[in-house]
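What follows is a set of notes on a single structure, which appears directly below.
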Amino acid sequence: MATFQTLPGFREFYPEDLARRNHIFRLWRQAANSFGFAEYDAPVLEPLELYKAKSGDEIEGQLFNFTDKGGREVALRPEMTPTVCRLVGAKANALKRPIKWFSIAEFFRYERAQKGRQRSFYQFNADIFGEPGPEAEIELIALLIQCLGGFGLTKDDFYVRLSDRDLWFFYLEALGFDAGQTRELLGAIDRFEKMGDEAFKAYAEKFGALDAAKKERILGFMQVRSLAQIEGEVQKLDQQKIAGRLADWRRLLDGLAAMGLADFVQVDLSVVRGLAYYTGFVFEAFDRKGDLRALAGGGRYNDLVKKLGGPDLPAVGFAIGDVTTGLLLEQRGLMPNFVQAPDVYVVIGGEAERRVAFGDIQALRASGFRVEYPLKDAAFGKQFKAAAESGAKLALIYGGDELAKGVVKIRDLAARDEREVGRDTVVAAVRDSLSGG
RNA sequence: GCGGCCAUAGCUCAGUUGGUUAGAGCACAAGAUUGUGGAUCUUGGGGUCGCGGGUUCAAAUCCCGUUGGUCGCCCCA
């Protein structure tokens with residue numbers, strides 16, 4: 001038993017694990033590139049204050065934070081949003097609009113691990129700054145769908161639930177609730193799916209029992225699953241602001257439909273997301289079977305850049321995690337089995353043959369072939385076994401006979417046939433054999 | 001921060017009412033096999049039975065604590 005253990009919730013990536021992680025990262029990066037997003041990165045360690053400024057003092061309980069040797073209060077980053085707001089805010093006037101950025105990075109949260117959640121995890125983050133209209137949401141939701149669809153996941157595997165915190169604000173305002181009550185109610189709506197009626201307890205304790213008729217309307221609004229239903233619910237309210245939101249909803253849904261993504265999205269006003277800083281559309285991606293936690297989440301946060309000291313800059317973004325994505329791909333059999341087979345395995349007779357083979361091995365590797373050979377002398381039988389197990393397509397045989405004749409034997413391991421070529425033509429012969437197969 | 005379950009070899013696990021030197025399969029390594037294949041056979045390395053304490057003539061086994069894992073609650077950026 002090892003004396004030193006991995007810290008709780010932290011992750012080690014053995015080669016097979018890293019191959020899976022790289023596979024996920026590769027497709028995310030490909031998706032972002034095809035959408036014209038630019039990649040950035042930033043420090044893992046940030047001032048603690050950055051997160052407190054965004055989320056409040058309570059956040060400290062969820063952070064890996066400490067005092068550094070210079071007396072600074074610091075924290076390992078639990079998310080990218082405040083950081084990217086700072087980066088963009090600092091240069092906002094010099095950046096071409098729209099600003100479309102993404103990153104793939106590791107994050108840390110001091111929480112108990114559970115299924116799909118570790119203390120260390122990776123997230124793909126994509127954000128658009130400087131675009132106030134729903135065109136930014138169209139772009140991001142399309143990218144989110146591609147970030148899952150790229151693996152072969154279909155509309156039967158996952159979907160994106162769409163909602164709108166602004167619409168909720170206006171709706172509750174029209175029902176006569178003030179801002180404080182509205183915030184509390186949005187928290188209750190967020191918890192309702194899990195807790196049922198219990199979710200409204202906190203509101204009742206603060207503001208007194210919820211009027212039964214209004215509660216009915218709130219529960220009814222949560223049931224809304226289409227634009228037509230939104231229109232039906234709000235037309236009686238006759239509010240200018242709500243009319244504006246409806247126009248944005250139409251543009252958003254029309255745009256997504258025109259991209260052929262209508263089957264991936266579902267209007268669902270029961271989603272509000274717990275985060276108070278979201279200001280408009282919010283969305284979450286879920287496994288259709290529903291046995292995993294959220295795959296991805298995001299929304300509009302028009303006030304955050306300014307709140308963190310930058311200019312007044314509208315923004316939308318989302319994040320998608322590697323843990324839940326990996327679980328879903330495993331469940332659906334979409335995680336490829338990664339084997340790193342060499343092109344060529346070199347079989348070496350002995351000391352003299354090894355010295356000759358080394359020259360050719362170097363030449364083959366310099367030409368881009370993946371070449372392996374036994375580090376120590378071994379019986380031919382064992383070497384052929386190793387060659388077969390390695391998955392190599394070809395074996396090159398450097399034995400006493402070949403050396404004497406100035407040739408190399410090339411064996412096609414699958415076809416089990418061999419030919420001899422002159423030593424000076426080995427690279428060309430290997431290239432020929434591999435391209436022919 | 002709170003609760004349920006779990007912990008024996010790298011992995012999956014067996015281990016009798018507490019009783020000799022803790023086992024198997026897989027994996028790994030060597031040999032059979034000094035010029036041809038993923039098989040087979042033989043052999044080998046690998047264990048503080050998570051850790052600490054207690055009960056007992058005797059503990060992998062029973063008790064307490066602790067650490068870690070896992071699942072859930074709170075939270076979820």
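From a predicted model like this one, the values you see are computed outputs, not experimental measurements. Residue numbers start from 1 in every chain, and the chains themselves are labelled A, B, ... in the order their sequence lines are given, proteins ahead of strands.
- OP1 and OP2 of B:U36 both lie 4.0 Å or more from every side-chain N or O belonging to A:Arg411.
- Ring geometry, A:Tyr159 versus A:Phe286: the interplanar angle falls from 30° to 60°, so the pair is classed tilted.
- Between A:Phe151 and A:Trp28, the ring-plane angle classifies as perpendicular under the 30° and 60° cut-offs.
- In this structure, the ring of A:Phe121 has its center no less than 6.0 angstrom from the ring center of A:Phe108.
- Between A:Phe358 and A:Tyr373, a ring centre-to-centre spacing shorter than 6.0 Å is recorded.
- For RNA chain B, no neighbouring residue in residues 342-361 of chain A is found when judged by any heavy atom under 4.0 Å.
- Using a 4.0 Å heavy-atom distance criterion, A:Pro8 is classed as a sugar-phosphate-only contact.
- Residue ring and nucleobase are not stacked for A:Phe384 and B:G37 under a centre distance beneath 5.5 angstrom and an angle between planes beneath 30°.
- The shortest distance between side-chain heavy atoms of A:Phe170 and A:Arg165 does not fall below 4.5 Å.
- No contact: A:Glu284 has no heavy atom under 4.0 Å from any strand.
- Between A:Phe318 and A:Phe124, the ring planes are tilted. Angles from 30° to 60° get that label.
- Between B:G68, B:C76, B:U36, one nucleotide has an atom nearer to the side chain of A:Glu418 than all others, and that is B:U36.
- A:Glu16 places its CD atom 12 Å from the C1' atom of B:C11, with the value rounded to the nearest Å.
- Using atom P as the reference point in both B:A58 and B:U20, the two lie 15 Å apart (nearest Å).
- The minimum heavy-atom distance between A:Gly317 and A:Asp127, with the atom names listed, is CA-OD1, 3.2 Å.
- In RNA chain B, the stems built from three or more successive Watson-Crick or G-U pairs (distances below 3.5 Å) are B:1-7 with B:67-73, B:10-13 with B:23-26, B:28-32 with B:40-44, B:50-54 with B:62-66.
- The ring pair (Phe, Tyr, Trp, His ring centres under 6.0 Å) test applied to A:Phe129 returns no partner, not counting sequence neighbours.
- Map A:Tyr110 and A:Ala387 each onto its nearest nucleotide of RNA chain B; the residue landing nearer the 5' end is A:Tyr110.
- Contacts of A:Arg117 with the nucleic acid, taken as non-hydrogen atoms under 4.0 Å apart, include base atoms.
- Neither OP1 nor OP2 of B:C75 sits under 4.0 Å from any side-chain N or O of A:Lys194.
- Contact annotation for A:Gln383: no contact, since no heavy-atom pair falls under 4.0 Å across all strands.
- Among the nucleotides B:C76, B:A77, B:G3, the one closest to any side-chain atom of A:Ile59 is B:A77.
- Note: A:Phe264 and A:Phe158 have tilted aromatic rings, judged against thresholds of 30 and 60 degrees for the angle between ring planes.
- Note on ring orientation: taking the six-membered ring where Trp is involved, the planes of A:Tyr278 and A:Tyr301 are perpendicular (angle over 60°, cut-offs 30° and 60°).
- Here A:Lys382 does not reach the OP1 or OP2 of B:U34: none of its side-chain N or O atoms lies under 4.0 Å away.
- Of the listed nucleotides (B:C75, B:G37, B:U36), B:U36 has the atom at the smallest distance from the side chain of A:Ile397.
- Within the 4.0 angstrom heavy-atom criterion, only backbone atoms of the sugar-phosphate kind lie near A:Gly9; the bases stay farther away.
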